[in-house]
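All heavy atoms count here, side chains included; hydrogens, waters and symmetry mates do not. When a residue number appears, it is its place in the shown sequence, counting from 1.
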Amino acid sequence: MKTILIDMDSVICDLMSEWHRRYNKDYQDNLSVEKLKCWRSEDYVKSECGEKIYSYLDQPGMFLHLKPLPNALEVLKRLSLLYDVLIVTSSRTYAYTEKEQWVEKNLPFIGKHNLIFSHRKEMIRGDLLFDDAPHNLMAFKNSGRTAIAMNYPYNAEIDVPRVNNWLEFEKWLATWK
């Protein structure tokens, strides 16, 4: 059975909407994922915020109540019957516990025992990585394995297959050799 590695933030669950909502409220701005043309969020926020944009990722409760992206849970349930599915994510401070609780609540058929925290996803044994982070996609591709991107403006420069949603991902997997 092939092993597929699936990122959480902005692939399974909608991190950007909540992250940007909190920033926009505090800084009276209108940041959205469509405006992010590169991975460095600090380049798109008001100067008085700068790298403080990442402090929102340290706030308790940030990850616990994120909404799954459309069709993510249903597709993952189907895929878990065909593949060994590992959830791979990186984390800061409170997010470890919250992400584990999120998986227990929303993905009990995968389970927290299949949740791996790593900033170097290319080091994890798996046949395919479904991610959004440019550095993860490139490192996994450079390891000679298949990387597929959840399509966002900030990862447009990465030369890997791309999908816009979970149904497209499921359809793409059906043709994957």
Taking every non-hydrogen atom, the tightest pair across [X] and [Y]:
X: P68; Y: L73; value: CG-CD1, 3.7 Å
X: I12; Y: L107; value: CD1-CD1, 4.3 Å
X: M1; Y: L81; value: CE-O, 4.4 Å
X: V11; Y: D7; value: CB-O, 3.3 Å

| field | Those residues that, when tested against Y152, pass side chain to side chain donor-acceptor pair (under 3.5 Å) (two or more places apart) | value |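 Counting only residues at least two positions away or on another chain, Y152 forms no side chain to side chain donor-acceptor pair (under 3.5 Å).
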Same cluster or not: [X] versus [Y], using hydrophobic residues (I, L, V, M, F, W, Y) connected whenever any side-chain heavy atoms lie under 4.5 Å apart?
X: W172; Y: I4; value: yes
X: L69; Y: L79; value: yes
X: M138; Y: V163; value: no

For [X] and [Y], indicate whether the former's side chain and the latter's backbone hold a donor-acceptor pair under 3.5 Å.
X: S80; Y: K77; answer: yes
X: K99; Y: D9; answer: no
X: D43; Y: C38; answer: no
X: N165; Y: E168; answer: yes
X: E98; Y: G61; answer: yes
X: K37; Y: A156; answer: no

Got a sec: does the [atom1] of [X] have more than 12 other heavy atoms crowding it under 6.0 Å?
X: K112; atom1: NZ; answer: no
X: E51; atom1: CD; answer: no
X: D159; atom1: CG; answer: no
X: R145; atom1: CZ; answer: yes
X: K171; atom1: NZ; answer: no

| Looking just at side-chain N and O atoms, do S55 and D58 make a donor-acceptor pair shorter than 3.5 Å? | no
Is there a side-chain contact between [X] and [Y], using heavy atoms and a 4.5 Å cut-off?
X: W176; Y: D127; result: yes
X: I87; Y: V85; result: yes
X: L36; Y: E34; result: no
X: I6; Y: Y83; result: no
X: V33; Y: Y154; result: yes

| Can you pull the ring pair (Phe, Tyr, Trp, His ring centres under 6.0 Å) pairs that have at least one residue in residues 106-129, sequence neighbours excluded? |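 Passing the test, one end in residues 106-129: Y96-F117.
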| task | Please assess R21 against E18 for the test salt bridge (Lys or Arg N to Asp or Glu O under 4.0 Å), listing each intermediate value before the final yes or no. | result | CA-CA 5 Å; R21 184 193 68 74; E18 180 59 19; 2.7 Å; yes
| Audit row: M62, R22, side chain to side chain contact (heavy atoms under 4.5 Å, CB included) steps and yes/no | CA-CA 10 Å; M62 177 66 172; R22 291 178 186 209; 3.6 Å; yes
